[in-house]
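Below is one structure, written out as structure tokens; comments come after it.
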4 protein chains.
Amino acid sequence: MTRIAILGATGYTALELIRILLRHPDAEMVALTSRQEGNPPVAMIHPSLTDRLDLCLEDLGPTEVASRAECVFSCLPHGVTASLVPPLLDAGCRVVDFSADYRLDDPEVFAQWYGQKHADPDRLGHVVYGLPELFRDQIPDAPLVANPGCYPTSAILALAPLLRAGLIEPSGIIVDSKSGVSGAGRTPKMTTHYPECNESISAYNIGRHRHTPEIERILGMAAGDKVEVIFTPHLVPMDRGILTTTYSAPKGELTEERLLEVLRDFYADEPFVRVVDHLPGTKDSTGTNYCDVTARVVRDRIVTISCLDNLIKGASGAAVQNFNLMYGHPETTALD
Amino acid sequence: MTRIAILGATGYTALELIRILLRHPDAEMVALTSRQEGNPPVAMIHPSLTDRLDLCLEDLGPTEVASRAECVFSCLPHGVTASLVPPLLDAGCRVVDFSADYRLDDPEVFAQWYGQKHADPDRLGHVVYGLPELFRDQIPDAPLVANPGCYPTSAILALAPLLRAGLIEPSGIIVDSKSGVSGAGRTPKMTTHYPECNESISAYNIGRHRHTPEIERILGMAAGDKVEVIFTPHLVPMDRGILTTTYSAPKGELTEERLLEVLRDFYADEPFVRVVDHLPGTKDSTGTNYCDVTARVVRDRIVTISCLDNLIKGASGAAVQNFNLMYGHPETTALD
Amino acid sequence: MTRIAILGATGYTALELIRILLRHPDAEMVALTSRQEGNPPVAMIHPSLTDRLDLCLEDLGPTEVASRAECVFSCLPHGVTASLVPPLLDAGCRVVDFSADYRLDDPEVFAQWYGQKHADPDRLGHVVYGLPELFRDQIPDAPLVANPGCYPTSAILALAPLLRAGLIEPSGIIVDSKSGVSGAGRTPKMTTHYPECNESISAYNIGRHRHTPEIERILGMAAGDKVEVIFTPHLVPMDRGILTTTYSAPKGELTEERLLEVLRDFYADEPFVRVVDHLPGTKDSTGTNYCDVTARVVRDRIVTISCLDNLIKGASGAAVQNFNLMYGHPETTALD
Amino acid sequence: MTRIAILGATGYTALELIRILLRHPDAEMVALTSRQEGNPPVAMIHPSLTDRLDLCLEDLGPTEVASRAECVFSCLPHGVTASLVPPLLDAGCRVVDFSADYRLDDPEVFAQWYGQKHADPDRLGHVVYGLPELFRDQIPDAPLVANPGCYPTSAILALAPLLRAGLIEPSGIIVDSKSGVSGAGRTPKMTTHYPECNESISAYNIGRHRHTPEIERILGMAAGDKVEVIFTPHLVPMDRGILTTTYSAPKGELTEERLLEVLRDFYADEPFVRVVDHLPGTKDSTGTNYCDVTARVVRDRIVTISCLDNLIKGASGAAVQNFNLMYGHPETTALD
């Protein structure tokens with residue numbers, strides 16, 4: 001039984017993580033942190049947890065967290081995280097970090113996209129990117145795992161096999177993503193106020209979304225070459241789910257059959273990637289840790305479609321998948 | 001051409017009012033007030049008005065408003081309004097008030113339900129309740145019209161004819177209402193944050209909603225007797241629309257045919273109330289100034305169903321209906 | 001390991017049942033029936049099951065089903081079921097029936113509400129109603145369990161403790177229910193066509209819904225008296241969830257504290273009923289087997305609110321709860 | 001007053017057309033056709049029209065239609081239309097056709113994409129494409145106007161000015177469109193069944209959607225060159241609205257300022273195209289005849305975003321705009 005702390009337990013990814021861990025036979029939640037006043041029971045903040053988890057939210061520092069827990073899931077925002085991770089690691093905890101702080105390998109790229117200096121720059125480049133489909137071997141022994149972003153997971157799982165096989169051009173890749181609103185977090189804002197975003201779709205942060213360098217870095221590793229993407233996220237009136245449509249240029253002749261075969265071979269032994277012939281909808285994977293992927297050839301362009309639940313395969317499910325690998329549990333525990 | 005000012009122009013009822021007035025041949029909007037900093041063009045706040053209305057939001061006092069406008073639509077919250085109405089009236093403006101400040105006739109009832117002393121108590125009891133279906137005669141000459149609440153309109157239009165005809169008992173009336181989220185206003189809150197209220201229905205303020213005394217007062221006038229309602233509002237995941245289901249006890253035998261006949265007779269000449277045989281959905285009246293009403297008899301109880309668009313017949317459409325009556329325009333102008 | 005067959009496996013309750021059983025350590029699905037042509041893999045019909053369940057849909061008769069399975073979950077419509085249950089029972093199967101065929105105890109009441117003669121009338125009155133909170137003792141040995149309807153479960157769990165305690169009047173009880181669209185089944189119809197029911201709420205079958213006699217029968221057993229309800233179901237634009245608001249008259253003085261205390265005592269040992277102080281939304285129980293219940297007193301009327309997921313506690317979760325009781329598994333297996 | 005017939009009056013575009021024409025001072029609807037049995041009042045099919053339009057649906061042939069109406073709006077499906085248009089034109093009617101039958105200029109391209117021989121092939125190439133922003137001069141005298149498709153309108157309004165100005169490459173243009181569900185029509189299907197498409201986004205008909213050759217033809221006219229697009233439509237859980245994101249390669253250096261300037265110049269006098277700086281959501285134009293357009297430059301690619309209401313600017317609003325031009329009414333009549 002691994003003792004677990006969750007930092008920043010008021011958000012949606014934390015809630016989803018708690019739901020998954022409640023089904024995990026070898027995980028025991030022992031601390032939930034938040035700056036909420038008055039140490040409320042977690043069910044006061046997340047009523048769906050009533051009678052299911054008897055813990056209070058506490059405003060704990062790294063030392064206190066480390067005194068209780070072996071494994072820490074940090075659901076804190078970027079910037080904050082990188083100042084907490086070093087003391088947690090020093091105190092012997094292992095950490096799965098949901099923020100973007102350790103997903104890039106270059107502090108300058110971080111500073112450019114996140115508008116702040118990195119608090120723990122020397123560690124960048126030495127942290128495993130927690131996408132088991134690409135980096136499974138490095139996860140079991142990792143003290144710190146950078147849990148991937150939701151958009152990057154959807155784009156990378158569709159494109160990495162094609163880039164690694166040298167089938168598509170690494171530049172000019174278009175990533176047109178559509179996400180449910182939970183991806184915007186749990187703090188009320190005008191853009192996520194129901195009467196504003198319901199019955200409406202809109203694009204945001206075109207060319208400026210912070211997941212861009214993350215997608216480019218990991219796809220670049222798959223391609224063995226510099227990758228450039230044009231990334232356009234859209235907000236869709238639904239709770240969860242991401243559908244990512246990518247467009248890229250093939251290197252030479254390429255049939256749909258070949259594309260699907262390459263994808264199927266790549267993911268043959270993967271428990272959570274399903275290469276499908278039909279065009280998947282996000283609902284097929286909602287509530288699960290699956291990512292559905294397919295591909296088409298249209299007028300000499302490669303089109304891929306990938307779908308996942310942004311809170312599960314795009315966040316908390318992936319985190320538990322990493323946890324399972326880190327602690328030697330079957331990878332699918334609590335996720336099927 | 002009547003010169004119009006709209007106070008509190010950033011909210012949803014104001015936006016809907018502007019949309020309607022843009023189609024009104026005899027209304028000219030000359031001032032939009034708000035405490036927004038920097039006098040932004042209204043289209044900055046309401047992008048749907050881009051290229052449609054060339055006015056800026058201004059932080060204007062009553063004197064300035066009165067110097068520009070003849071008719072003032074006040075979309076300000078309760079409490080604020082009652083301190084602005086007296087100077088506006090004194091300066092010669094006529095006012096249609098969207099707040100609850102002048103809908104009750106007893107300052108003590110106001111204080112009890114709204115938790116504050118009324119700022120203009122002497123006027124209470126002398127202000128017409130702007131529901132043309134019940135008080136049309138008093139509207140043309142009114143300097144001030146209290147525009148009805150959205151829930152009250154839906155409940156009153158269904159029940160007033162039955163109470164006036166003495167067909168149902170005035171006590172123990174159950175009013176179970178279901179409203180779209182725009183009724184909660186345009187300020188982001190946790191309860192109206194998309195991932196919280198989407199795909200969920202919930203009741204709120206059971207027995208404590210401030211529309212209760214308003215419903216009881218107007219139904220009491222129709223009944224000529226004290227009316228007591230049990231009012232339960234629910235929040236429904238949709239932008240607009242209210243469906244109100246009421247349950248009451250008949251006085252003596254009562255058939256469905258008789259019920260519908262009484263309703264049809266009562267509304268025979270009304271342009272905006274449709275008595276229907278089928279069970280209406282809110283979508284039938286969304287975007288219109290109609291209220292659809294029907295009735296059933298079940299196990300010796302009277303059940304009524306009424307539907308309207310909370311932002312139109314429940315707010316801004318009713319306000320323009322009142323405006324038309326006040327200024328001698330055909331009542332349906334800009335509303336059909 | 002119990003061998004399980006699911007009859008009528010193409011619908012939403014069957015899909016939800018499969019999802020739950022996939023997590024059950026002691027259940028093995030061995031047959032899925034349907035009249036679909038060509039024995040398609042179940043994932044062709046339910047793409048979310050891709051790579052999760054390797055079974056095909058088959059058009060099997062009772063003998064074939066009984067030769068493979070010990071326990072049969074029948075998700076077939078009413079009327080059809082009552083002709084299949086006898087041969088299944090005769091062949092030694094135990095059956096959990098999702099239809100209404102065995103929920104009533106009087107063939108004439110069945111005929112009156114369902115418009116057809118019952119095919120197995122002698123069994124009525126001898127079948128346990130599978131609501132463990134009321135009839136747990138009778139379930140372990142039952143060869144046939146009538147799985148409760150979704151609306152009835154929400155109404156009964158709120159009202160039965162109050163009626164049993166003699167706190168409320170058994171007549172004139174108003175049950176105003178609001179349901180998500182999955183309750184209407186998986187066959188496309190105009191009323192469930194997205195642009196018709198999205199952004200709209202409507203009432204349907206007022207006073208004529210077939211769950212009425214089921215609610216009255218079970219509440220009557222709790223009250224030890226004849227119970228009459230006025231039942232009004234509404235269709236709400238969301239996938240899942242039922243919120244039921246009931247209104248009843250207290251017998252004598254009754255406080256909110258007393259009401260909640262009675263409910264809490266009644267459900268003290270129940271794993272899936274949560275008596276809460278706050279007003280629950282359906283989202284709190286979506287995706288779970290919980291039913292949330294609370295109560296209020298308004299102007300001498302009792303108001304209860306209860307929420308559940310119509311496909312889980314209102315159907316497939318309850319069925320697995322019954323299965324667990326029937327086969328001696330811990331009652332919460334696969335449900336937490 | 002122009003006498004108007006609407007063919008195929010049961011669908012969503014017809015309903016929207018009726019709503020608009022009810023506000024038109026110079027249009028009188030005199031016939032609504034449908035194959036519905038029994039000539040029901042139109043309000044039986046479209047309850048929102050109760051008390052608003054006193055016409056029955058009739059199964060009328062072209063001769064009867066022509067005997068009553070001067071102008072015919074045909075909302076019939078492709079294939080059917082081309083056999084009805086010739087007799088209507090011969091009988092002296094003018095026709096606005098909502099189907100795709102007269103949008104292409106080559107019967108072979110039609111046969112290839114629509115899978116059937118064209119019934120009136122000689123007329124192709126001689127019918128004006130009813131997009132006033134590009135072909136206004138040809139509309140006033142046209143006996144027959146091919147009303148544009150919803151997706152094409154959104155793509156063409158964003159790209160035509162850039163192609164005409166020679167700013168972007170005409171090949172390899174990616175058109176990634178997202179549409180509300182009303183675009184799929186009013187016939188219930190599994191893909192538009194509420195619990196299937198709600199809370200889900202999916203792509204469909206990738207590279208095979210029939211609007212592809214229409215987009216290519218009209219953009220080709222703007223470019224003066226062959227245009228090839230990769231077109232991917234997506235179904236979004238909302239009633240109405242299309243957002244189209246396009247990606248293209250600039251010819252030479254191109255700044256965002258220049259892009260927006262070219263668009264603004266092109267649409268300077270257009271009443272219904274708004275070139276905006278911000279990223280529009282579909283809700284900004286829902287319920288209106290506006291199309292909102294903007295553009296960005298990302299990593300040397302041109303990204304455009306355009307939004308419109310698929311039932312209005314994408315169908316019935318455009319049709320009335322054409323009608324206004326055909327009959328000499330101010331172009332914005334009934335549309336503002």
Side-chain angles (χ1 to χ4, degrees), chain B residues 12 15-16 19-25 43-53 182 194-195 198-200 237-241 264 267-294 307 309 311-312 332-336, chain D residues 12 15-16 19-20 22-25 41 43-53 182 194-195 198-200 237-241 264 267-294 307 309 311-312 332-336:
Chain B
Y12 291 133
L15 172 57
E16 199 62 37
R19 284 183 185 146
I20 296 170
L21 291 177
L22 283 171
R23 291 212 293 260
H24 200 297
M44 286 270 297
I45 306 300
H46 299 300
S48 66
L49 296 178
T50 301
D51 290 0
R52 303 185 67 187
L53 181 61
S182 61
Y194 187 93
N198 185 45
E199 291 291 296
S200 195
M238 57 188 194
D239 278 355
R240 329 174 147 209
R264 265 189 243 279
Y267 293 121
D269 299 324
E270 285 300 332
F272 294 120
V273 180
R274 302 186 291 201
V275 180
V276 296
D277 289 325
H278 63 271
L279 293 173
T282 54
K283 205 166 211 170
D284 301 341
S285 49
T286 300
T288 80
N289 197 46
Y290 289 100
C291 178
D292 290 328
V293 181
T294 195
C307 292
D309 185 322
L311 293 179
I312 304 186
T332 61
T333 307
L335 293 171
D336 49 4
Chain D
Y12 291 133
L15 172 58
E16 199 63 37
R19 284 183 184 147
I20 296 170
L22 283 170
R23 291 211 294 258
H24 201 295
M44 287 269 298
I45 306 300
H46 300 300
S48 66
L49 297 178
T50 302
D51 290 0
R52 302 185 69 187
L53 180 61
S182 61
Y194 187 92
N198 185 44
E199 292 291 296
S200 194
M238 58 187 193
D239 278 356
R240 333 176 144 206
R264 265 190 243 278
Y267 294 120
D269 298 325
E270 285 300 331
F272 294 120
V273 180
R274 303 187 291 203
V275 180
V276 297
D277 289 326
H278 64 271
L279 292 173
T282 53
K283 205 168 211 168
D284 300 341
S285 49
T286 300
T288 80
N289 197 46
Y290 289 101
C291 178
D292 290 328
V293 181
T294 195
C307 292
D309 185 322
L311 293 179
I312 305 186
T332 61
T333 306
L335 293 171
D336 49 3

Review point. Does some side-chain heavy atom of B:Thr288 sit less than 4.5 Å from a side-chain heavy atom of B:Phe272?
Key: no
Point to revise | Part of B:His46 within contact of chain D (heavy atom distance under 4.5 Å) | key: neither
Revision key, fill the gap. Bottom line for B:Thr50: the part with an atom under 4.5 Å from chain D's heavy atoms is both
Point to revise | Option that, when pairs with chain D are counted at under 4.5 Å, heavy atom only, ranks first among B:Thr286, B:Asp51, B:Val276 | key: B:Asp51
Practice item. Please name the pair of heavy atoms, one in D:Arg274 and one in B:Leu49, separated by the smallest distance, quoted to 0.1 Å. Key: NH1-C, 4.2 Å
Point to revise | Salt-bridge criterion met for D:Asp239 and B:Lys283 (N-O under 4.0 Å) | key: yes
Point to revise | Part of B:Asp292 lying under 4.5 Å from any heavy atom of chain D | key: neither
Point to revise | Working for salt bridge (charged side-chain N to carboxylate O under 4.0 Å, His left out), residues B:Arg23 and B:Asp336 | key: CA-CA 10 Å; B:Arg23 291 212 293 260; B:Asp336 49 4; over 6 Å; no
